[in-house]
Asker: 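Take this structure first; my questions come after.
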2 protein chains.
Amino acid sequence: MYWGDIVELTKIPVLPKFRGSGEKGVNREPLDEKTFKQMIRAMNLKVTEQRMAILQALHCGRAHVTAQEVYELIGAKDPDIGFATVYRFLRTLTEHSFVTEVRMGGLPARYELTPKAHHDHLTCIQCGKICEFENVEIEKLQERVANQFGFALTSHVLELYGVCSDCQRRKG
Amino acid sequence: MYWGDIVELTKIPVLPKFRGSGEKGVNREPLDEKTFKQMIRAMNLKVTEQRMAILQALHCGRAHVTAQEVYELIGAKDPDIGFATVYRFLRTLTEHSFVTEVRMGGLPARYELTPKAHHDHLTCIQCGKICEFENVEIEKLQERVANQFGFALTSHVLELYGVCSDCQRRKG
DNA sequence: TTGCATGCAAACGGTTTGCAAAACC
DNA sequence: GGTTTTGCAAACCGTTTGCATGCAA
């Protein structure tokens, strides 16, 4: 299985929220200008137009954006911004855990403002749709496995891949 | 969390096998020259010295090797092999699921001969030690989550990160 | 005013590709 | 002899970096 060829992340259409037994919907808290400034200051950095723009882009855009997309989103309004600034700030944000980096295959990294509630991803290998979910039972089991190995668990990455109902219908 | 900075895969010391309730040790079947030829023929490719060498390198080397390492492993004995050949064949092997590609952060991809028994990874963020495990309960729950979203699950990636017992002791 | 932040362009590193020569059947 | 396969080198692409200029504090 070589995801680089199969998954076309540029096609992500929606980010459906799921509500059902065992899982709970992912809630994204509203973020405003003030919050962004706080985030920047918390990292001992200066509040600049560019940094605010990057955070806005992360917030307004699709949940999972590439550095390139952030650059273009900003460039539409404010043409004076460079790659380097975007990459540099995204990296800093990631290092401070304000942003979460997701990499799949050899594709460009995707970023999202770190959600308060942790969640994992379920990706359709046909159309690239990403669903977010959280499952407490799985997390508990992960903890148990780690403990059995004598590990203190710090984090995890769980990515499920499959064919979504739409794509199943389209084929069958 | 930015794994690119934290995990140093070159330091992987061992691949401990775990035996305990709920999990079972990962068994790696012995692979010989004959098996390799079968694999190559199964892909409708010709058996060449280079391809055999690449498979040998994957088999003899550490469980998770980079393309670069494969290239160097072979280069030690048979200097006449190029990057391109290694990359091309690794890609083909991956596409045919004979080899599994693991990417972490922005680091070079690592490859392993696809084990008969599926397993996931538990990685120490201090020393880079990788433990392999399999947990049927987790897999069942994954299936359930996918079904709740209407997905037909095809595969998954589960990577746990933590601090191993040795590193905990070393610090505390 | 002083040092951090920026934009530019060049460098980087892993991976892929085009192509002519070599190996295979 | 026609088709693979290979090695080389150049291209590629996402990302990082060096440096002179610009701007927040």
Side-chain angles (χ1 to χ4, degrees), chain A residues 2-5 7-10 33 36-55 57 64-72 74-75 78-96 99 101-111, chain B residues 2-5 7-10 36-37 39-55 64-72 74-75 78-95 99 101-111:
Chain A
Y2 183 78
W3 301 109
D5 281 339
V7 178
E8 295 199 30
L9 284 162
T10 49
E33 207 157 311
F36 293 155
K37 287 185 182 167
Q38 284 174 354
M39 286 167 61
I40 298 174
R41 296 219 177 87
M43 297 185 284
N44 285 315
L45 299 175
K46 312 210 153 145
V47 176
T48 66
E49 200 186 324
Q50 292 92 332
R51 285 176 176 159
M52 289 302 283
I54 291 167
L55 285 170
H64 307 82
V65 275
T66 62
Q68 191 61 239
E69 284 167 1
V70 170
Y71 172 76
E72 283 164 13
I74 296 169
D78 177 357
D80 280 342
I81 191 159
F83 289 125
T85 307
V86 175
Y87 276 109
R88 265 187 295 235
F89 192 45
L90 282 177
R91 190 182 223 274
T92 310
L93 283 166
T94 305
E95 282 165 356
H96 287 80
V99 155
E101 191 187 46
V102 181
R103 287 178 194 254
M104 307 228 294
L107 284 76
R110 292 190 165 265
Y111 301 87
Chain B
Y2 182 78
W3 299 110
D5 282 339
V7 178
E8 295 199 28
L9 283 161
T10 50
F36 292 155
K37 287 185 182 167
M39 286 168 61
I40 299 174
R41 295 217 179 86
M43 297 184 284
N44 285 318
L45 298 175
K46 316 226 149 131
V47 175
T48 68
E49 201 185 324
Q50 291 92 331
R51 283 173 180 163
M52 289 300 283
I54 290 167
L55 286 169
H64 308 83
V65 276
T66 62
Q68 191 61 239
E69 284 167 0
V70 169
Y71 172 76
E72 283 163 13
I74 296 169
D78 177 355
D80 281 342
I81 191 158
F83 287 126
T85 308
V86 174
Y87 275 109
R88 265 187 295 236
F89 193 43
L90 282 177
R91 190 183 222 274
T92 310
L93 283 166
T94 305
E95 280 165 358
V99 155
E101 192 186 46
V102 181
R103 287 178 193 253
M104 306 229 292
L107 284 74
R110 292 190 165 263
Y111 301 88

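The sequence lines fix the lettering, A, B, ..., with proteins before strands; numbering per chain opens at 1.
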Asker: Between A:Met43 (CE) and C:dA5 (P), how many Å, whole number?
Answerer: 10 Å
Asker: Any heavy-atom pair between the side chains of B:Met52 and B:Lys37 that's under 4.5 Å?
Answerer: yes
Asker: Rounding to a whole Å, what distance do you find between B:Ile54:CD1 and D:dT5:C1'?
Answerer: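 B:Ile54 atom CD1 is separated from D:dT5 atom C1' by 11 Å.
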Asker: Could you state the atom-to-atom distance from CD of A:Glu101 to C1' of D:dT16 in whole Å?
Answerer: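 Going from CD in A:Glu101 over to C1' in D:dT16 covers 13 Å.
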Asker: Within the 4.5 Å heavy-atom criterion, are B:Tyr111 and B:Leu93 side-chain neighbours or not?
Answerer: no
Asker: Given that A:Phe89 and A:Phe83 both sit by DNA chain C, which one's nearest nucleotide is further toward the 5' end?
Answerer: A:Phe89
Asker: Do any side-chain nitrogens or oxygens of A:Arg91 fall under 4.0 Å of OP1 or OP2 in D:dT15?
Answerer: no
Asker: From the set D:dT5, C:dG7, D:dG14, return the single nucleotide nearest to any side-chain atom of B:Leu45.
Answerer: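 The answer is D:dT5.
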Asker: Can you confirm whether B:Met43 sits close enough to B:Glu95 that some side-chain heavy atom of one is under 4.5 Å from a side-chain heavy atom of the other?
Answerer: no
Asker: Which pair of heavy atoms, one from B:Phe83 and one from B:Tyr71, lies closest together, and at what distance?
Answerer: N-CE1, 3.7 Å
Asker: Can you find a side chain N or O atom of B:Tyr87 that sits less than 4.0 Å from OP1 or OP2 on C:dT15?
Answerer: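 For C:dT15, OP1/OP2 do have a side-chain N/O of B:Tyr87 under 4.0 Å.
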Asker: A:Arg88 has a side chain; which of C:dC25, C:dT17, D:dG18 sits nearest to it?
Answerer: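 It is D:dG18.
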Asker: Which of the following nucleotides, D:dC8, C:dG7, D:dT5, is nearest to the side chain of B:Arg51?
Answerer: D:dT5
Asker: Rounded to the nearest angstrom, tell me the gap between atom CD1 in A:Ile74 and atom P in C:dT6.
Answerer: 11 Å
Asker: Tell me which nucleotide among D:dG7, D:dT4, C:dG7 gets nearest to the side chain of B:Lys46.
Answerer: D:dT4
Asker: Rounding to a whole Å, what distance do you find between A:Leu107:CG and C:dT16:C1'?
Answerer: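 Roughly 14 Å, once rounded to whole Å.
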Asker: Starting from P on D:dT6, measure out to CG on B:Leu90 and report it in whole angstrom.
Answerer: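 One finds 12 Å between P of D:dT6 and CG of B:Leu90, rounded.
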Asker: With respect to the side chain of A:Thr85, which nucleotide from D:dG7, D:dA24, C:dG7 is positioned closest?
Answerer: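 For the A:Thr85 side chain, the nearest candidate turns out to be C:dG7.
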Asker: Between A:Arg110 (CZ) and D:dC13 (P), how many Å, whole number?
Answerer: 17 Å
Asker: Given atom CD1 of B:Ile40 and atom C1' of D:dT5, what is their separation to the nearest angstrom?
Answerer: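 Spelled out: CD1 on B:Ile40 to C1' on D:dT5 is 12 Å.
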Asker: In terms of the nearest nucleotide of DNA chain D, which residue is placed more toward the 5' end: B:Ala84 or B:Asn44?
Answerer: B:Asn44
Asker: Any side-chain N or O of B:Thr48 less than 4.0 Å from the OP1 or OP2 oxygen of C:dA23?
Answerer: no
Asker: For C:dG7 and A:Gln50 - does any side-chain N or O of the residue sit under 4.0 Å from the phosphate oxygens OP1/OP2?
Answerer: yes
Asker: Which heavy atom of B:Ile40 sits nearest to which heavy atom of B:Lys46, and what is that distance?
Answerer: CG2-O, 3.5 Å
